[in-house]
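Take a look at this one; I'll ask things after.
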Amino acid sequence: MINIDRAVIVEGKYDKIKLSSVINGVIICTDGFHIFKDRDKMSIIRHYAEKTGIIILTDSDSAGFKIRNYLKGSVKNGSIVNVYIPDIFGKERRKAEPSKEGKLGVEGMSEEVLLDAFRRAGIVCEEGGKKSGGIDKMLLYELGYSGVPDASARRRALLGRLGLPELMTTSAIADILNTMITADELADITAEIDALTLKGEV
């Protein structure tokens, strides 16, 4: 259990229930796409963004990213931190069938995976106090993660290696990598991906 000062935004009540077993703090539900028309709740979210900052934690499917992008575009002032859960395929226990894309949502994540997701976003300090950073879209371009024919495959390989969802944009990748690794570590991982590419394993 960790204490978080920022308000955490999730999609549904079951996500909130699961997250409540991991963190102490304010958790706000968007009620799925209902947030698009809920002016009162958006007012509350904007308030927290300005006063304490917010954390956006949605599912890693296309619907989750649509909600995440809406929130990011609707909050003009304040601080936003994005926390991403990995692409894990399966079915939540309460559901009769898997989701449309077959991915587990926040409610289906283990406590360990959720805590790790927060650590990756820099919410919880890593042991040893390692400082990351120095990664931007230009570096991703130079390393072949954008602007080249096989960029999509290379991004998938990178995101899979780091346990991040494959639907992330280049900007989002740069933001989250800066909380996880240094530019030198990214270069080392890229060299390993290049070696696998030569072997036809990527």
Tell me which pairs pass salt bridge (Lys or Arg N to Asp or Glu O under 4.0 Å) where either residue lies in residues 187-198, with sequence neighbours left out. R154-D194, R161-E192
With hydrophobic residues grouped by side-chain heavy-atom distances under 4.5 Å, do I67 and V83 end up in a single group?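 Unlinked, I67 and V83 end up in two clusters.
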Scan the side chains in residues 57-64 for donor-acceptor partners under 3.5 Å anywhere in the protein, sequence neighbours excluded, and list what turns up.
{"residue": "T58", "atom": "OG1", "partner": "G64", "partner atom": "O", "Å": "3.0"}
{"residue": "T58", "atom": "OG1", "partner": "R68", "partner atom": "NE", "Å": "3.4"}
{"residue": "T58", "atom": "OG1", "partner": "R68", "partner atom": "NH2", "Å": "3.3"}
{"residue": "D59", "atom": "OD1", "partner": "V106", "partner atom": "N", "Å": "2.9"}
{"residue": "S60", "atom": "OG", "partner": "D87", "partner atom": "OD1", "Å": "3.1"}
{"residue": "D61", "atom": "OD1", "partner": "G64", "partner atom": "N", "Å": "2.8"}
{"residue": "S62", "atom": "OG", "partner": "E101", "partner atom": "OE2", "Å": "2.5"}

Tell me if the NZ atom of K95 is crowded by more than 12 foreign heavy atoms within 6.0 Å. yes
Passing candidate, salt bridge (Lys or Arg N to Asp or Glu O under 4.0 Å) with E107, options K18, R94, K16: R94
For the student: nearest non-hydrogen atoms of G12 and C29, plus distance: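 Where G12 meets C29 most closely, the heavy atoms are O-SG, 3.4 Å.
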Does N178 reach the main-chain N or O of D175 with its side chain, forming a donor-acceptor pair under 3.5 Å? no
How many angstroms lie between atom CZ of F36 and atom NZ of K66, to the nearest 0.5 angstrom? 5.5 Å
pair Y145-I173: side-chain heavy atoms closer than 4.5 Å: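 SC-SC contact between Y145 and I173 ruled out.
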Going through the distances and angles, do V75 and M42 end up as a side chain to side chain contact (heavy atoms under 4.5 Å, CB included)? CA-CA 8 Å; V75 176; M42 275 307 310; 4.3 Å; yes
Are any of the side-chain heavy atoms of I80 and N82 separated by less than 4.5 Å? yes
Check the hydrophobic clustering (I, L, V, M, F, W, Y; side-chain heavy atoms under 4.5 Å; chains of links allowed) and say if V26 and I123 are grouped together.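 Result: no, two separate clusters.
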Work out which heavy atom in G90 is nearest to a heavy atom in P98; give both atom names and the distance. O-CB, 3.9 Å
Yes or no on side chain to side chain donor-acceptor pair (under 3.5 Å) for T170 and Y141, after CA distance, side-chain angles and deciding distance? CA-CA 9 Å; T170 304; Y141 171 78; over 6 Å; no
How far does CG of L177 sit from CG of L159, to the nearest 0.5 angstrom?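 Rounded to the nearest 0.5 Å, the CG-CG separation comes out at 7.5 Å.
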Does I45 share a hydrophobic cluster with F33, counting links as ILVMFWY side-chain heavy atoms below 4.5 Å and allowing steps through other members?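 Result: yes, single cluster for both.
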Among the clusters formed by ILVMFWY side chains lying less than 4.5 Å apart, do Y70 and V81 turn up in the same one? no
Would one find more than 12 heavy atoms of other residues, nucleotides or ligands at under 6.0 Å from atom NZ of K72? yes
Ring geometry between Y84 and F65 (parallel below 30°, tilted from 30 to 60°, perpendicular above 60°): parallel
According to the salt bridge (Lys or Arg N to Asp or Glu O under 4.0 Å) rule, which pairs have a member within residues 34-43, sequence neighbours left out?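 Of all non-adjacent pairs touching residues 34-43, those that pass salt bridge (Lys or Arg N to Asp or Glu O under 4.0 Å) are D31-K41.
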In short, E111 meets S21 closest at the heavy-atom pair OE2-OG, 3.3 Å
Separation of T169 OG1 from K137 NZ (nearest 0.5 Å):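 Rounded to the nearest 0.5 Å, the NZ-OG1 separation comes out at 8.0 Å.
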Applying side chain to side chain contact (heavy atoms under 4.5 Å, CB included), run through I176 and L162 and close with a yes or a no. CA-CA 11 Å; I176 193 67; L162 296 175; over 6 Å; no
Do M180 and I189 belong to the same hydrophobic cluster, where Ile, Leu, Val, Met, Phe, Trp and Tyr are linked whenever their side-chain heavy atoms lie under 4.5 Å apart, directly or via other members? yes
Report yes if the side chains of R46 and S74 come closer than 4.5 Å at any heavy-atom pair, otherwise no. yes
Can you list the steps and then say if I35 with I9 is a side chain to side chain contact (heavy atoms under 4.5 Å, CB included)? CA-CA 11 Å; I35 192 63; I9 316 301; over 6 Å; no
Option among L114, V8, N3 that satisfies the side-chain contact (heavy atoms from CB on, under 4.5 Å) test with I23: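 Considering L114, V8, N3, a side-chain contact (heavy atoms from CB on, under 4.5 Å) with I23 is found only for V8.
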Report yes if the side chains of I4 and F118 come closer than 4.5 Å at any heavy-atom pair, otherwise no. yes
Any chance you could lay out the side chain to side chain contact (heavy atoms under 4.5 Å, CB included) test for M109 and L104, step after step, and finish with the verdict? CA-CA 7 Å; M109 297 290 119; L104 289 175; 3.5 Å; yes
What I'd like to find out is whether the side chain of L71 reaches to under 4.5 Å of the side chain of I54, using heavy atoms alone.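 They are not in side-chain contact.
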Are side-chain heavy atoms of I85 and K103 found at a separation under 4.5 Å? no
